[in-house]
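For reference, positions follow the sequence shown, starting with 1. These numbers come from a predicted model, not from an experiment.
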Amino acid sequence: MNHGYDFPRQIQFANQEEKQEFSKFPTKTGRRSLSRSISQSSTDSYSSAASYTDSSDDETSPREKTQVNSKGSSDFCVKNIKQAEFGRREIEIAEQDMSALISLRKRAQGEKPLAGAKVVGCTHITAQTAVLIETLVALGAQCRWTACNIYSTQNEVAAALAESGVSVFAWKGESEDDFWWCIDRCVNVEGWQANMILDDGGDLTHWVYKKYPSVFKKVRGIVEESVTGVHRLYQLSKAGKLCVPAMNVNDSVTKQKFDNLYCCRESILDGLKRTTDVMFGGKQVVVCGYGEVGKGCCSALKALGAIVCVTEIDPICALQACMDGFKVVKLNEVVRQMDMVITCTGNKNVVTREHLDRMKNGCIVCNMGHSNTEIDVASLRTPELTWERVRSQVDHVIWPDGKRVILLAEGRLLNLSCSTVPSFVLSITATTQALALIELYNAPEGRYKQDVYLLPKKMDEYVASLHLPNFDAHLTELSDEQAKYMGLNKNGPFKPNYYRY
């Protein structure tokens with residue numbers, strides 16, 4: 001099929017007494033006390049719907065183990081290399097719904113457009129991202145990889161990658177110290193120096209910039225896929241400290257309109273169901289933020305009968321929410337009535353201790369943004385509050401009067417910490433990431449300066465075209481006369497860069 005694009009190198013009581021009795025939650029002895037540290041909590045071996053690792057796993061930290069794959073290599077650190085075969089089956093299942101990325105792999109592996117590329121990556125390590133990593137390897141890249149979230153790693157997938165020869169340093173339930181240790185192990189290795197960075201959240205980029213400035217200066221390009229990470233890149237650029245070109249994949253159409261919107265529209269429900277078994281019909285929900293992620297969450301919740309309101313700082317997004325039928329409010333105006341509070345702003349302290357103190361008994365609090373900064377979880381780690389782990393990634397934070405707030409994934413990204421995301425939509429993002437890496441790596445000197453760039457429109461269209469065969473979709477072609485009338489090339493791009501999809 002001719003896509004018109006040459007592959008680049010590049011949720012009335014009778015009286016008040018009855019109401020109070022109903023609202024009481026019995027407290028229990030033997031609760032997990034608040035003094036328990038975050039790092040200890042992070043390394044608990046609770047299973048997740050996103051991974052088939054169970055609580056019978058060896059509790060020894062992977063950092064204290066010596067493991068070797070079948071090829072004799074020990075240049076990795078995963079939970080259990082023996083899970084590799086199971087992880088391989090997970091990857092093969094993901095590949096079935098990521099046909100466009102596989103197609104890209106087949107088309108380009110002969111050319112090896114990433115030959116000589118040494119890619120250090122920091123993303124969620126799931127079956128879907130494994131397909132991306134193995135695609136990069138097939139295209140000639142050498143890869144070292146770590147996780148951008150301490151809860152989202154599928155241990156069996158990490159093992160499969162390690163078995164295949166990828167130097168991967170990640171496991172589910174890392175402590176904060178483990179997290180940074182893994183990043184450092186990826187970057188700081190004798191005889192190998194990264195020349196490309198693929199990041200999700202900006203932590204890897206920040207680490208290399210701060211700890212290894214000489215390596216940072218020699219990197220050919222950075223590819224970043226999250227709102228948070230892109231914001232950090234623009235901060236560096238504004239300060240004149242970004243000394244390498246960077247590609248903003250988050251704001252590419254194929255990432256923002258599909259991964260951020262459609263993926264979150266499905267995965268918000270999956271994450272909430274798996275963790276709380278909540279029924280959405282009639283529930284009062286506030287979604288903080290009406291960007292693409294917020295739009296997806298609101299759409300899904302409304303469709304299942306939830307009564308949804310929105311908070312926003314941006315008048316344009318607020319107006320969109322109003323036109324979509326959502327009441328725009330301030331959080332402190334409605335927080336007492338809410339059954340669920342969901343954050344997706346990319347900002348910090350969106351939900352504060354004051355908000356949490358005013359929440360009703362049983363309120364579910366979670367975050368759909370990349371970072372764990374949106375909910376002030378640290379403010380809940382005080383002596384008067386008790387934490388009780390009730391299931392994987394679900395904590396009851398209990399106030400002295402017995403009120404419980406249900407906190408999911410300790411305020412970290414809900415969908416990838418507590419469930420999974422659709423392989424197909426991740427294929428769109430992964431294909432975009434791969435093309436961005438190829439573009440930056442092969443770009444002639446001078447094409448990209450020390451700044452942050454958007455993916456060229458032609459590549460966005462190419463990524464979309466690769467996914468249309470899955471739906472047996474048939475594009476209409478412009479006639480010569482139509483193309484001339486519109487002032488377009490028949491093969492695209494079909495929209496100007498300023499067009500808002």
Intermediate values then yes/no, side chain to side chain contact (heavy atoms under 4.5 Å, CB included), M359 and M338: CA-CA 7 Å; M359 288 177 185; M338 292 299 108; over 6 Å; no
Any salt bridge linking [X] with [Y]? Criterion: basic side-chain nitrogen under 4.0 Å from a carboxylate oxygen.
| X | Y | result |
| --- | --- | --- |
| E156 | K172 | no |
| D177 | R63 | yes |
| R381 | E410 | yes |
| R185 | D178 | no |
| R404 | E388 | yes |
| E174 | R412 | no |
| D277 | R391 | yes |

Side chain proximity check, [X] to [Y], heavy atoms < 4.5 angstrom:
| X | Y | value |
| --- | --- | --- |
| V131 | I91 | yes |
| M368 | I268 | yes |
| V120 | W207 | no |
| C418 | R274 | no |
| T420 | T126 | no |
| N248 | L233 | no |
| N372 | V377 | no |
| H396 | V405 | no |

[X] and [Y]: which non-hydrogen atoms are nearest, and at how many Å?
| X | Y | value |
| --- | --- | --- |
| K65 | T60 | CE-O, 3.6 Å |
| F169 | C186 | CD1-SG, 3.7 Å |
| A147 | F179 | O-CE1, 3.1 Å |
| L204 | G121 | CD2-C, 3.9 Å |
| F280 | L272 | CE2-CD1, 3.6 Å |
| H124 | D200 | CD2-OD2, 3.4 Å |

Rounded to the nearest 0.5 Å, how far does [atom2] of [Y] lie from [atom1] of [X]?
| X | Y | atom1 | atom2 | value |
| --- | --- | --- | --- | --- |
| N155 | E90 | CG | CD | 11.5 Å |
| L414 | S267 | CG | OG | 7.5 Å |
| Y462 | L455 | OH | CG | 12.5 Å |
| M459 | L435 | CE | CG | 6.0 Å |
| L301 | F326 | CG | CZ | 8.5 Å |
| L198 | L437 | CG | CG | 4.5 Å |

Should the heavy atoms of other residues, nucleotides or ligands under 6.0 Å from [atom1] of [X] be counted, would the total exceed 12?
| X | atom1 | result |
| --- | --- | --- |
| E354 | CD | no |
| Y262 | OH | no |
| E85 | CD | no |
| I313 | CD1 | no |

Main chain of [Y], side chain of [X]: is a donor-acceptor contact present, judged purely on distance under 3.5 Å?
| X | Y | value |
| --- | --- | --- |
| S226 | G201 | yes |
| D97 | S423 | no |
| E374 | G346 | yes |
| D460 | S252 | no |
| Q284 | V286 | no |
| D395 | V397 | no |
| T345 | C288 | no |
| T135 | I102 | no |
| R353 | D376 | no |

Is there a donor-acceptor contact under 3.5 Å linking the side chains of [X] and [Y]?
| X | Y | result |
| --- | --- | --- |
| T228 | H231 | no |
| N80 | W171 | no |
| Q256 | D251 | yes |

Please collect all side chain to side chain donor-acceptor pair (under 3.5 Å) contacts where either partner lies in residues 297-324, sequence neighbours excluded, each pair once.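 The answer is Y290-D324, K295-Q320.
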Applying side chain to side chain donor-acceptor pair (under 3.5 Å) as the test, list every pair that has at least one member in residues 424-437; sequence neighbours left out.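 Qualifying pairs, neighbours excluded: E225-Q433, T254-T432, D259-T429, S427-H467.
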Would you please test F424 and F471 for ring pair (Phe, Tyr, Trp, His ring centres under 6.0 Å) and show each step? CA-CA 12 Å; F424 178 78; F471 305 97; 5.3 Å; yes
R88 vs E163, side chain to side chain contact (heavy atoms under 4.5 Å, CB included): CA-CA, chis, key distance, verdict: CA-CA 9 Å; R88 177 54 51 190; E163 175 58 33; over 6 Å; no
For C77 and W181: C-alpha separation, side-chain torsions, deciding distance, then whether side chain to side chain contact (heavy atoms under 4.5 Å, CB included) applies. CA-CA 11 Å; C77 190; W181 178 86; 3.9 Å; yes
Could you go through L161 and W145, starting from their C-alpha distance and side-chain angles, then the distance that decides it, and tell me whether this counts as side chain to side chain contact (heavy atoms under 4.5 Å, CB included)? CA-CA 9 Å; L161 286 169; W145 227 263; 5.9 Å; no
Please determine whether salt bridge (Lys or Arg N to Asp or Glu O under 4.0 Å) holds for the pair R232 and D203, giving the CA-CA distance in whole Å, both sets of side-chain angles, and the decisive distance to 0.1 Å. CA-CA 9 Å; R232 295 166 83 171; D203 288 321; 3.1 Å; yes
